[in-house]
Amino acid sequence: MSAAQDASVRDGTVRRPEPRGHHHRRAGSFPSALGWTTVGAVLPGTAFLAAGRRLLGAVTLLLFLGLVAVALWFGLGHRQALLHAATDKGYLLWVVAGIAVVAVAWIAVIVAGYRMIVPAHTSRGRHLLGGALVLVLVLAVAAPAVAAGRIVLVSRDFIAQVFDDGRSATVVDKPNPFGDKQRVNVLLLGGDGGAGRKGVRTDTVIVASINTRTGDTTLLSLPRNLENLPFPKNSPLAKVYPKGFKAGSESESLLNAVYRNGPAQHPGILGPTDDPGADFLKLGVGEALGLTIDYYVLVNLDGFSKLVDALGGITVNVNYYVPVGGEPSTGALPDAYIHPGPNQHMDGPTALAYARGRFGLTDYDRMARQRCTIKAIVDAANPVTLLGRYEKIAATTKNIVSTDIPSSALNDFVDLAFLVKDAPIRSVVFDPSVIRPAYPDYNLMRRLVRKALAPPASAAPTTDDATGTTSSAPATTSATATQTGAAPSSNPVAELTDACAYDRAKAEAALAAGQPPTKNG
């Protein structure tokens with residue numbers, strides 16, 4: 001027996017030698033051990049270093065700093081690549097697995113660091129305190145990891161449901177969807193369907209024509225009451241509608257009725273497709289404008305109120321009494337009115353009534369309010385709101401949006417979105433100052449579209465056929481024609497802002513005139 005072992009026996013203690021490979025120093029005190037455990041949770045590996053495990057600590061810390069560097073690299077300088085990954089269903093599964101692995105490893109580092117650095121002769125009470133701290137730190141890591149994993153899975157479910165690569169009579173899924181196209185044309189539809197309504201009426205019809213190289217975008221807005229919608233000569237629809245779309249009465253033959261009545265009249269005429277109404281409109285609107293419509297996106301207004309509620313409401317200015325309900329065709333009075341006033345915060349049902357109300361007003365009044373509603377939604381959808389309400393927003397959106405954009409085209413649209421956000425936007429509205437909706441001159445419409453889409457030759461002043469107005473900035477000129485024929489703003493965004501601003505004089509005049517009659521008197 002060695003002298004040291006003999007001394008241990010004499011003083012009544014037996015010091016067991018530490019196992020080979022576990023020689024490390026312990027913290028000098030319990031408080032310092034708690035401190036290093038906390039630091040080790042924030043910077044994994046530092047608790048190992050404090051415990052004398054230099055190699056293990058250095059490797060752990062370097063791995064952590066490497067992950068942080070990669071995250072910063074993606075977040076600050078390569079967001080486009082990050083969004084590419086975010087639209088890949090297969091990659092998102094790997095992201096979930098990666099989050100789980102990193103979280104488990106981080107938790108293991110926290111627990112192991114505490115065990116290494118806590119003094120050997122720590123009382124039971126202090127161990128309980130240390131265990132509580134470790135539990136809090138573990139939860140601080142696990143909770144965000146679980147939340148991030150849920151967001152990724154919600155995103156994957158959203159992509160899988162909305163971009164489900166279903167059947168289409170007008171889309172051919174291919175590896176390079178844009179190919180050599182100079183422009184990609186997307187039909188944007190607002191479907192006015194829901195309880196008490198037979199089928200879906202597309203009261204909002206807009207074509208977004210986007211330059212695939214510059215992101216330059218032109219919005220082409222068609223009125224809901226456009227008649228005699230034509231179809232391409234090589235389409236089977238041209239044979240059944242040789243003089244344009246007809247479905248009985250005039251009201252059932254308008255543009256907003258094509259989605260519902262066309263497939264009902266001629267089911268299966270275009271072949272296998274999941275949304276024949278959208279295909280009817282893509283062919284007809286494309287022929288009317290002289291374009292090939294590549295894709296469509298339909299937002300059903302029946303779920304619109306749920307989206308607004310998911311955002312926590314929207315704020316708009318109201319400059320005149322807006323009817324809630326009412327039926328212009330029968331004269332049935334509205335149930336109530338939204339009163340004029342600035343900065344009115346609306347929940348979903350109120351916002352839907354604001355966007356939809358038409359009794360005693362014109363379609364163009366409603367179109368203007370719908371543009372203001374869209375602006376209000378964009379304003380409400382700030383990063384903080386989106387992050388805090390993402391799951392609810394995504395769950396709501398996937399139930400009200402449908403499209404034939406295939407998942408193979410998502411990367412191309414991500415690239416396009418980065419161009420669009422910094423590119424000029426032009427707008428052409430085919431209202432009565434430009435065409436007669438009941439007797440539309442489609443040749444004129446096609447000429448206006450060609451001019452609107454033509455690249456500007458220079459910054460010299462030019463005159464726009466749609467409005468007769470002159471602008472010295474053709475690259476950013478709005479070709480919007482208002483119902484009154486007034487000269488439009490040279491900046492469509494500023495024009496929208498002005499149109500959605502509070503007009504005190506107009507609002508006070510409306511209030512002075514008094515509320516129009518309602519169903520309940």
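Keep in mind that this is a model prediction, so the values were computed, not measured. For reference, positions follow the sequence shown, starting with 1.
For Val154 against Ala394, the heavy-atom pair with the smallest separation is CG1-CB, 3.5 Å. When every heavy atom of Leu255 is checked against every heavy atom of Pro223, the shortest pair comes out as CD2-O, 3.3 Å. Annotation for Met346 and Val308: closest pair O-CG1, 4.0 Å, computed over non-hydrogen atoms. Residues Val428 and Ala452 come closest through the heavy atom pair CG2-CB, 3.8 Å. Taking every heavy atom of both residues into account, Thr202 and Leu298 meet most closely at CG2-CD1, 4.5 Å. Of all non-hydrogen atoms in Ser209 and Asn185, the two that sit nearest each other are OG-OD1, 2.6 Å.
In this structure Arg224 satisfies the side-chain hydrogen bond (donor to acceptor under 3.5 Å, both in side chains) test together with Asp203, Asp363, sequence neighbours excluded. Contacts of Phe359 classified as ring-ring contact (aromatic ring centres under 6.0 Å, His included), with partners at least two apart in sequence or in another chain: none. Scanning for side-chain hydrogen bond (donor to acceptor under 3.5 Å, both in side chains) contacts around Ser402 gives an empty result, with sequence neighbours left out. In this structure Tyr296 satisfies the ring-ring contact (aromatic ring centres under 6.0 Å, His included) test with no other residue, sequence neighbours excluded. Looking at residues two or more places apart in sequence or on another chain, you find no ring-ring contact (aromatic ring centres under 6.0 Å, His included) involving His345. When the side-chain hydrogen bond (donor to acceptor under 3.5 Å, both in side chains) test is applied to Lys306, no partner is found at least two apart in sequence or on another chain. Evaluation of the salt bridge (charged side-chain N to carboxylate O under 4.0 Å, His left out) rule for Arg213 yields no partner, not counting sequence neighbours. Annotation: side-chain hydrogen bond (donor to acceptor under 3.5 Å, both in side chains) contacts of Asp294 (sequence neighbours excluded): Lys181. Looking at residues two or more places apart in sequence or on another chain, you find no salt bridge (charged side-chain N to carboxylate O under 4.0 Å, His left out) involving Asp347. In this view, Glu250 satisfies the salt bridge (charged side-chain N to carboxylate O under 4.0 Å, His left out) rule with no residue, not counting sequence neighbours.
The closest donor-acceptor contact from the side chain of Asn300 to the backbone of Ile400 lies at 3.5 Å or more, if one exists at all. Side chain of Ser168 to main chain of Gly166: no donor-acceptor pair is present (N/O by atom type, distance under 3.5 Å, no hydrogens or angles). A donor-acceptor pair under 3.5 Å is formed between the side chain of Asp365 and the backbone N or O of Thr362. Of the possible donor and acceptor atoms, none in the side chain of Asn261 sits under 3.5 Å from a partner among the backbone N and O of Ala247. Judged purely by atom type and a 3.5 angstrom limit, Asp157 has no side-chain atom pairing as donor or acceptor with the backbone of Ala395.
The distance from atom CD1 of Ile377 to atom CG of Leu311, rounded to the nearest 0.5 Å, is 6.5 Å. Taking CG of Leu448 as the reference point, atom CG of Leu453 lies at 10.5 Å (rounded to 0.5 Å). In this structure, CG in Asn256 is found 8.0 Å from CG in Asn225, a value given to the nearest 0.5 Å. Going from atom CZ of Arg366 over to atom OG1 of Thr373 covers 11.5 Å, rounded to the nearest 0.5 Å. In this structure, OG1 in Thr212 is found 7.0 Å from CD in Gln182, a value given to the nearest 0.5 Å. In this structure, Phe304 CZ and Thr396 OG1 are separated by 12.5 Å, a value rounded to the nearest 0.5 Å.
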Inset, instruction - Give the C-alpha distance, both sets of side-chain angles, the deciding distance and a yes or no for side-chain contact (heavy atoms from CB on, under 4.5 Å) between Phe245 and Leu254. - result: CA-CA 8 Å; Phe245 183 76; Leu254 303 178; over 6 Å; no
Inset, instruction - Might you work through the side-chain contact (heavy atoms from CB on, under 4.5 Å) test for Leu189 and Val200, ending with a clear yes or no? - result: CA-CA 11 Å; Leu189 302 172; Val200 172; over 6 Å; no
Inset, instruction - Show your reasoning for whether side-chain contact (heavy atoms from CB on, under 4.5 Å) applies to Phe430 and Leu226. - result: CA-CA 9 Å; Phe430 292 103; Leu226 190 72; over 6 Å; no
Inset, instruction - Please lay out, stage by stage, how Asp216 and Arg183 fare under the test side-chain contact (heavy atoms from CB on, under 4.5 Å). - result: CA-CA 9 Å; Asp216 172 71; Arg183 307 191 74 88; 3.7 Å; yes
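Around NZ of Lys239, the count of heavy atoms belonging to other residues, nucleotides or ligands within 6.0 Å does not exceed 12.
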For a quick test of your reading: what N or O donor-acceptor pairs under 3.5 Å do the side chains of residues 334-343 make, sequence neighbours left out?
| from | atom 1 | to | atom 2 | distance (Å) |
| --- | --- | --- | --- | --- |
| Asp335 | OD1 | Lys519 | NZ | 3.0 |
| His339 | NE2 | Gln515 | OE1 | 2.8 |

Let me check something: any side-chain donor-acceptor pairs from residues 437-445 under 3.5 Å, sequence neighbours excluded? List them with distances.
| from | atom 1 | to | atom 2 | distance (Å) |
| --- | --- | --- | --- | --- |
| Asp441 | OD1 | Asn443 | N | 3.2 |
| Asp441 | OD1 | Leu444 | N | 3.0 |
| Tyr442 | OH | Glu227 | O | 2.7 |
| Tyr442 | OH | Asn228 | O | 3.4 |
| Asn443 | OD1 | Arg446 | NH1 | 3.0 |

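Proximity of Tyr241 to Phe280: side-chain heavy atoms (C-beta onward) are separated by under 4.5 Å at one or more points. Taking 4.5 Å as the limit, some side-chain heavy atom of Val186 sits within range of a side-chain heavy atom of Leu188. A 4.5 Å side-chain heavy-atom check between Leu237 and Ile269 finds at least one atom pair inside the cut-off. The shortest side-chain heavy-atom distance between Leu307 and Ile393 falls under the 4.5 Å cut-off. Counting heavy atoms from C-beta on, the side chains of Arg150 and Val146 come closer than 4.5 Å. Side-chain contact between Leu333 and Thr518: absent, with no pair of heavy atoms (C-beta onward) separated by less than 4.5 Å. Between Lys282 and Asp404 the shortest side-chain heavy-atom distance falls below 4.5 Å. Taking 4.5 Å as the limit, some side-chain heavy atom of Leu270 sits within range of a side-chain heavy atom of Pro236.
Between Arg260 and Glu252 there is a salt bridge, since at least one side-chain N of the basic residue sits less than 4.0 Å from a carboxylate O of the acidic one.
With respect to Val162, the side chain to side chain contact (heavy atoms under 4.5 Å, CB included) criterion is satisfied by exactly one of Asn399, Thr403, Thr397: Thr403.
Judged by distance alone, the side chains of Asp503 and Tyr320 never bring a donor and an acceptor atom under 3.5 Å apart.
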